[in-house]
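Notes for the one structure printed next.
These numbers come from the heavy atoms of this one structure, side chains and all, not from hydrogens, waters or symmetry mates. Naming convention: chains lettered A, B, ... in sequence-line order (proteins, then strands); numbering from 1 in each chain.
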Number of protein chains: 2
Amino acid sequence: MLKLSHETLTDRAYAALKRALTAGDFAPGHALVIRTVAEAYGISPTPIREALQRLVAERMLVLQANRSIVVPFLSARRFEELTRIRCALEGMAAGRAAQRISLRQLRELRDITGDIPDAMERQDVNAYVHLNRAFHFGIYECADSPILLSMIEDLWCQVGPFFTRLFDDAAYVPRANDLHRVILERLAAQDADGVAEAVALDIDTAAICLAPHLENRAEVDAL
Amino acid sequence: MLKLSHETLTDRAYAALKRALTAGDFAPGHALVIRTVAEAYGISPTPIREALQRLVAERMLVLQANRSIVVPFLSARRFEELTRIRCALEGMAAGRAAQRISLRQLRELRDITGDIPDAMERQDVNAYVHLNRAFHFGIYECADSPILLSMIEDLWCQVGPFFTRLFDDAAYVPRANDLHRVILERLAAQDADGVAEAVALDIDTAAICLAPHLENRAEVDAL
DNA sequence: CTCAGTCATATGGTATATCATGTATCATTA
DNA sequence: TAATGATACATGATATACCATATGACTGAG
């Protein structure tokens, strides 16, 4: 029997803050003060504090030397590093997925790519970001490698807040879906190396489009 | 000027617990109860609780469905996965290091490998584990890739508690140092791919020796 | 004897009070 | 006016009190 575990306030605060951060609700540099957030959510500071610490551990927030917790800037250097690591890990996951993916899962991925042009035409950023995420993680989940999957999720969290800006680049989205189709073909052919390569290209392409939209300010000091 | 940030009790508790876990002081399956640990360290439960949560986030501990925090078992499956990811990430870091390492750093690494046979003869497990770590991270630090470095550190934490058992395998240690010398040669030659390959082989070799020593019990459920 | 139910205790979660430290403002002085 | 020091306030860290739930032992019915 599946054990169900109740959600603590820390869990809920964590999820709410993470969602807000991913949606880009807080500007980089913005400080999250425990009491203020606690009041906003109508709970005591303790669970908020713990949720914030959890987000710091995941690098979605950073702890400054003054011990205040702020939304980090994403420096070009850091972004380049994240992209490089993502290419390696997501390529590895996709390669494994190519050797394991079922026809049914392949069909689901095809459906997702089919929906993307629609979201594009409607200029629906949220829908696009959501579909893009579903496509990528639909693949990575097939890798049957839970640790790898969670590491990739962590990395996405760090670039996530900046992801919606991809849509600003009109040239990107159509190209991205072309790349997605290439990925699908190679997945269908169970071409592990080819898939890894295509995924890395997809990531790199997005990165090149995203780079100019990054804030050019110095990165907030990590602890 | 370098900002110095005071250490909180949470930080200290975290460090102390991590050290104990890495040293293998707690057996897998052992539950860490907040009040008990707090009493042992002579502080209040709050910082302990936060330190434990931090360790859970890093997967050095796991949260059970009953919300008790226990030292995880390392299943063969999980160990295999960790090894696979380590080969990729540490290989990548070492490859970058090959293109950046200085003669001075190379010399320091050579000194470390020179000290290892001595630790071996003295049957000094601690010294050996320490030197091995210094050797590997001495390389990875040259990769100039802080996120990658911290990800590798996280992975080491997860296998760390089982690392001391490598010494049980009399055949391993001498082979390991041979592999270290190969790594050094290729680093000196700035052969990035060769270094990555050698590091992966070193990791795999250790994993093969370590596997039989793993507990064969079911993995504790993650949340 | 076995099982179920109940109670006591252990233990995690949350709120709150208090302390320590950082930050900003303002007044005083050179 | 500029620098410096003091004071008040903001805010993070810690301790403690309290609550909810899980666990385990005990008791009584079958």
Side-chain angles (χ1 to χ4, degrees), chain A residues 1-18 20-21 26-27 29-72 220-223, chain B residues 1-18 20-21 26-27 29-72 220-223:
Chain A
M1 148 173 169
L2 180 63
K3 295 176 188 175
L4 39 96
S5 83
H6 31 247
E7 208 182 23
T8 65
L9 287 183
T10 300
D11 294 333
R12 262 187 271 183
Y14 167 79
L17 286 167
K18 186 165 180 171
L21 284 166
F26 303 112
H30 180 253
L32 288 110
V33 334
I34 298 173
R35 283 164 167 82
T36 308
V37 178
E39 200 171 348
Y41 284 96
I43 63 178
S44 83
T46 310
I48 296 294
R49 176 185 163 80
E50 289 173 359
L52 290 175
Q53 288 186 342
R54 206 153 137 191
L55 290 163
V56 168
E58 290 177 13
R59 299 171 202 284
M60 288 203 67
L61 294 173
V62 302
L63 190 63
Q64 295 191 126
N66 16 338
R67 305 208 71 86
S68 72
I69 290 168
V70 304
V71 180
V220 177
D221 293 320
L223 173 62
Chain B
M1 149 172 166
L2 179 64
K3 297 175 187 176
L4 38 97
S5 82
H6 33 245
E7 209 182 21
T8 66
L9 286 183
T10 300
D11 294 333
R12 260 187 274 183
Y14 167 79
L17 285 167
K18 187 164 180 172
L21 283 165
F26 302 113
H30 179 254
L32 287 108
V33 333
I34 299 173
R35 283 165 168 79
T36 309
V37 178
E39 201 172 349
Y41 284 96
I43 64 179
S44 86
T46 309
I48 296 295
R49 175 185 164 78
E50 290 174 357
L52 290 174
Q53 289 185 342
R54 207 153 136 191
L55 290 163
V56 168
E58 290 177 12
R59 299 170 202 286
M60 287 203 66
L61 294 172
V62 301
L63 192 62
Q64 293 189 302
N66 18 341
R67 306 208 68 88
S68 71
I69 290 168
V70 304
V71 180
V220 176
D221 294 318
L223 174 62

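In plain terms, the two heavy atoms of A/Ile48 and A/Ala13 that are nearest each other are CD1-CB, 3.8 Å.
Residues passing the salt bridge (Lys or Arg N to Asp or Glu O under 4.0 Å) test with B/Glu39, sequence neighbours excluded: none. Applying the salt bridge (Lys or Arg N to Asp or Glu O under 4.0 Å) rule to B/Arg35 yields no partners; only residues at least two apart in sequence or on another chain are considered. For A/Arg49, the salt bridge (Lys or Arg N to Asp or Glu O under 4.0 Å) criterion is met by B/Glu50, not counting sequence neighbours.
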Heavy-atom protein contacts under 4.0 Å, nucleotides 6-17 of chain D, coded B base, S sugar-phosphate only, - none: -----BBBBBB-
Between the protein and nucleotides 7-10 of chain C, which nitrogen or oxygen pairs come in under 3.5 angstrom?
none

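Every pair passing ring pair (Phe, Tyr, Trp, His ring centres under 6.0 Å) that includes a residue from residues 29-53 of chain A is listed here, sequence neighbours excluded: A/Phe26-A/His30.
Taking 4.5 Å as the limit, some side-chain heavy atom of B/Val71 sits within range of a side-chain heavy atom of B/Leu61.
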After noting the C-alpha distance and the side-chain angles of B/Arg12 and B/Ile43, does the key distance pass the side-chain contact (heavy atoms from CB on, under 4.5 Å) rule? CA-CA 11 Å; B/Arg12 260 187 274 183; B/Ile43 64 179; over 6 Å; no
